[in-house]
Amino acid sequence: MNVLAQTENTLKEQIGAAVLQAELATKEEIPAIILEKPKDKAHGDFATNIAMQLARIAKKAPRQIAEDIVANLDEAKASVEKVEIAGPGFINFFMKNDFLTDIIPTILKAENDYGKTDVGKGEKVQVEFVSVNPTGNLHLGHARGAAFGDVLCNVLATAGYEVEREYYINDAGNQIDNLALSVNARYLQALGQDAEMPEDGYHGEDITEIGKALAKEHGDKWANKDEAERIAFFKEYGLQYELGKIEADLKDFRVEFDNWFSERSLYKNEEITDVLDKLKAANYVYEQDGATWFRSTDFDDDKDRVLVKNDGAYTYLTPDIAYHQNKLDRGFNKLINVWGADHHGYIPRMKAAIQALGYEAEKLEVKIIQMVNLFEKGEKLRMSKRTGNAVSLRELMDEVGVDAVRYFFVARSNDSQLDFDLELARSQSNDNPVFYVQYAHARICTMLKQAESKGIDVNQTFDQNLLTAEKELDLLKKLGEFPQMIAEAAEKQTPHKVTQYVFDLASLLHSFYNAEKVLDMDNPELTSARIALMKAVRITLANGLNIIGVKAPEKM
RNA sequence: GUCCCAGUAGCUCAGCUGGAUAGAGCAACAGCCUUCUAAGCUGUGGGUCGCAGGUUCGAAUCCUGCCUGGGACGCCA
């Protein structure tokens, strides 16, 4: 399936054999041979710096080493057409024309599966993301985390990992009590009563809506009931309302979870007390000032953390430790948490907890999503759940469209802050790279339809060796890189590489399109080959777009 | 004060497990539609890779210090 990788592996093996034959190093000494794809075509299809790396071991000048390697290289076995030594000792390989031959048939055969590899070896990975408290709307920052987490999952799954998406619902604790009190106030206000919002209440419009909805549905029925009973009811009502909205927003954003995990279940199943017992038994817990502490400083945290406050309540950390124990018990090889930048300080204590529970710190990996700054007409807008003025994911989707929002959010590295220009994203101009990529896909679809209307069989056999134009070879090479690119994005957890790739491929397609004519009735053989190439590009673009969750339209 | 992220072209950002002349989009400028979608293509200009040291054959990339911007440092979540 991964044609290019096979070519590379063969070449690497032959280089290694040449090094041994030239007696430059022993099998044990030889470093990993790295092949890079030179930016400059004059430097060949592949290049290696092995001669420089061997300089110390072989005690020879790099260029001399390079010559020794080349002299001992079996060029036929390695499918090499020409070798050059350049610069300080690079060896540049120019491959035989046919090294790209199998790419199109491979893609056409694999179709939607093109890009899949087994580098993940079925390893079980769990990704927990979004996990927003059900106390208000999803806003811009959450949306970035949602897009990142979702695309990361897609990338991992494509690279052969077994991925589970999970949302942790904070349905216990202070913030939910606050939600209930806020709903209570808004309900009473909706009835025209003079009620004050709690000090730490949630001032979003959604809470006002809940209050109104309750007033409409139940009238003043609850106003006369016992306050505790009323608030208990409002708590459930508010929770379900908020969760329902979050789930619906995410679904429209094309993000769906395998599992919604309730914090309350940890209380119900006594998992919190269990994990406390476990930490106590391992001697990582002590009592001081009426509180129970976790000695996280045993594991590189800068201070110890309270588990049980002196009022007897748990801190946020305690159920969270139980939650992670629960995850680990479910047999995942790796846990990935996607957090907002404002939570980064939480990493050391969570990693400490993982270790205190008896696991390697590396079991848990935390991806930090930097802030999104929203701009409107050159002016920075504040985002705050409290003000109620935040631009919500819903508004954003309505104004800009899901495709553009997702594309923008995964176009950049997660640890760079993101400037989101509302006006720019809203204007459906050609500044918008998502259109550029989609247009490439639509263009190919149009060509294929044209071909059919001209009576050309788009499924006929073809000779790929007719594809010799520079832009055709560029496309073929790029197509061949797709599976490796996904594998690398998975390994480095950098989903933005997919966005970049898809953009680059679209660019090559547009360039080819303007340089060569695909449907040439005077040259049916070449036309068949080019149609096959177009189909391969279309499949790869569609697969790439699918991974980032953006539609691949057939016409625009 | 401590910790995390960022600092690369006018703007927004890639590149960072060390490699050849540092890339892309936008903006600027000059061209390309009787021909498969001009939401496109081709070309030009544009850089002390924050600063200073260090490591080595070689540093945007690794190490140290400093500067600037953002964030975090609760018995909040």
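Note on naming: letters A, B, ... go to the chains in the order of the sequence lines (proteins, then strands), and numbering restarts at 1 for each one.
- Comparing B/rU2 with B/rG47, their C1' atoms sit 35 Å apart, to the nearest whole Å.
- Considering only heavy atoms from C-beta on, A/Glu236 comes within 4.5 Å of A/Leu239 through its side chain.
- Annotation: B/rG23 and B/rA14 have their C1' atoms spaced 7 Å apart (nearest Å).
- The C1' atoms of B/rA59 and B/rG50 are separated by 16 Å, rounded to the nearest whole Å.
- Under 4.0 angstrom from either OP1 or OP2 of B/rA77 there lies no side-chain N or O belonging to A/Tyr202.
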* Using Watson-Crick and G-U wobble pairs whose two distances are both under 3.5 Å, how do you write the pairing of RNA chain B as dot-bracket, with | for links to another strand? -> ((((((((.[[[[.)...(...]]]].(((((.......))))).....[[[[[..)....]]]]])))))))....

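- A donor and an acceptor atom, one from each side chain of A/Thr297 and A/Asp304, are located under 3.5 Å apart.
- For A/Lys309, counting side-chain heavy atoms from C-beta on, the closest listed nucleotide (B/rG40, B/rA14, B/rC76) is B/rC76.
- Electrostatic pairing of A/Lys497 and A/Glu481 does not count as a salt bridge here, judged by no charged N lying under 4.0 Å from a carboxylate O.
- Minimum atom distance to the side chain of A/Lys471 is reached by B/rU42, of the listed B/rC76, B/rC36, B/rU42.
- Out of B/rG70, B/rA6, B/rA38, the shortest distance to the side chain of A/Asp415 is found at B/rA6.
- Nearest-nucleotide positions on RNA chain B for A/Ser413 and A/Leu519 put A/Ser413 closer to the 5' end.
- Minimum atom distance to the side chain of A/Asp419 is reached by B/rU12, of the listed B/rA20, B/rG74, B/rU12.
- The side chain of A/Phe90 lies closest to B/rA20 when the candidates are B/rA14, B/rA38, B/rA20.
- Between B/rA39 and A/Arg443, no contact under 4.0 Å exists linking OP1 or OP2 to a side-chain N or O.
- The side chain to side chain donor-acceptor pair (under 3.5 Å) analysis of residues 169-179 of chain A, with sequence neighbours excluded, yields the pairs A/Asn170-A/Glu263, A/Asp171-A/Ser262, A/Asp177-A/Lys235.
- Of the listed nucleotides (B/rG40, B/rA77, B/rG70), B/rG70 has the atom at the smallest distance from the side chain of A/Gln417.
- A/Lys477 is linked by a side chain to side chain contact (heavy atoms under 4.5 Å, CB included) to A/Asp45, A/Phe99, A/Leu100, counting only residues two or more places apart in sequence or in another chain.
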* To do: Summarise protein proximity over nucleotides 56-61 of chain B in one line of letters, 5' to 3': B for base, S for sugar-phosphate only, - for none, counting protein heavy atoms closer than 4.0 Å.
  => ------

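- Within residues 488-501 of chain A, the residues having any heavy atom closer than 4.0 Å to RNA chain B are, in order of number, A/Lys492, A/His496, A/Lys497, A/Gln500.
- Both A/Glu516 and A/Ala42 lie close to RNA chain B; mapped to their nearest nucleotides by heavy-atom distance, the more 5′-ward contact belongs to A/Ala42.
- Here the nucleotide nearest the side chain of A/His344, chosen from B/rG70, B/rA72, B/rA77, is B/rA72.
- If you take atom C1' in B/rC36 and the same atom in B/rA24, they sit 27 Å apart, rounded to whole Å.
- A/Asp520 has no carboxylate O lying under 4.0 Å from a charged side-chain N of A/Lys517, or vice versa, which leaves the two without a salt bridge.
- Distances shorter than 4.0 Å separate none of the side-chain N or O atoms of A/Thr315 from OP1 or OP2 on B/rA77.
- The C1' atoms of B/rA22 and B/rG46 are separated by 14 Å, rounded to the nearest whole Å.
- The P atoms of B/rU61 and B/rG19 are separated by 10 Å, rounded to the nearest whole Å.
- Closest approach of A/Met447 to A/Met534, counting heavy atoms only: CE-SD, 3.7 Å.
- Taking only side-chain atoms of A/Ala86, from C-beta outward, the nucleotide of B/rA20, B/rC13, B/rG70 with the closest atom is B/rA20.
- Checked options A/Arg305, A/Gln288, A/Lys303; the residue passing with A/Trp293 is A/Gln288 (criterion: side chain to side chain contact (heavy atoms under 4.5 Å, CB included)).
- Considering only side-chain N and O atoms, A/Asn133 lies nowhere under 4.0 angstrom from the phosphate OP1 or OP2 of B/rA77.
- Of the candidates B/rA39, B/rG40, B/rA77, B/rA77 carries the atom nearest the A/His343 side chain, counting heavy atoms from C-beta on.
- Phosphate contact (OP1/OP2 of B/rA24, side-chain N/O of A/Ser507, threshold under 4.0 Å): absent.
- Taking atom P on both nucleotides, B/rG15 is separated from B/rA6 by 10 Å, rounded to a whole Å.
- Comment: A/Lys327 does not engage A/Glu166 in a salt bridge, judged by the lack of any side-chain N to carboxylate O separation of less than 4.0 angstrom.
- At a cut-off of 3.5 angstrom, the base of B/rA77 holds no donor-acceptor pair with the side chain of A/Asp342.
- Applying the 90° criterion around 0 to the glycosidic angle, B/rC33 comes out syn.
- Comparing the C1' positions of B/rC49 and B/rU21 gives an interatomic distance of 15 Å, to the nearest angstrom.
- Residue A/Val434 comes nearest to A/Asp403 through the heavy atom pair CG2-O, 4.0 Å, listed as atom of the first residue, atom of the second, then distance.
- The two residues A/Ala66 and A/Gly89 have their closest heavy-atom pair at CB-O, 4.1 Å.
- Using the six-membered ring where Trp is involved, A/Phe294 and A/Tyr284 have ring planes that are perpendicular, over 60° apart on the 30 and 60° scheme.
- When each of B/rC75, B/rC36, B/rG40 is scored by its nearest atom to the side-chain atoms of A/Asp289, the top-ranked nucleotide is B/rC75.
- Ion pair A/Asp300/A/Lys351 not flagged as a salt bridge, since none of the NZ, NE, NH1 or NH2 atoms sits closer than 4.0 Å to an Asp/Glu carboxylate oxygen.
- A/Asp311 is linked by a side chain to side chain contact (heavy atoms under 4.5 Å, CB included) to A/Lys309, A/Ala313, counting only residues two or more places apart in sequence or in another chain.
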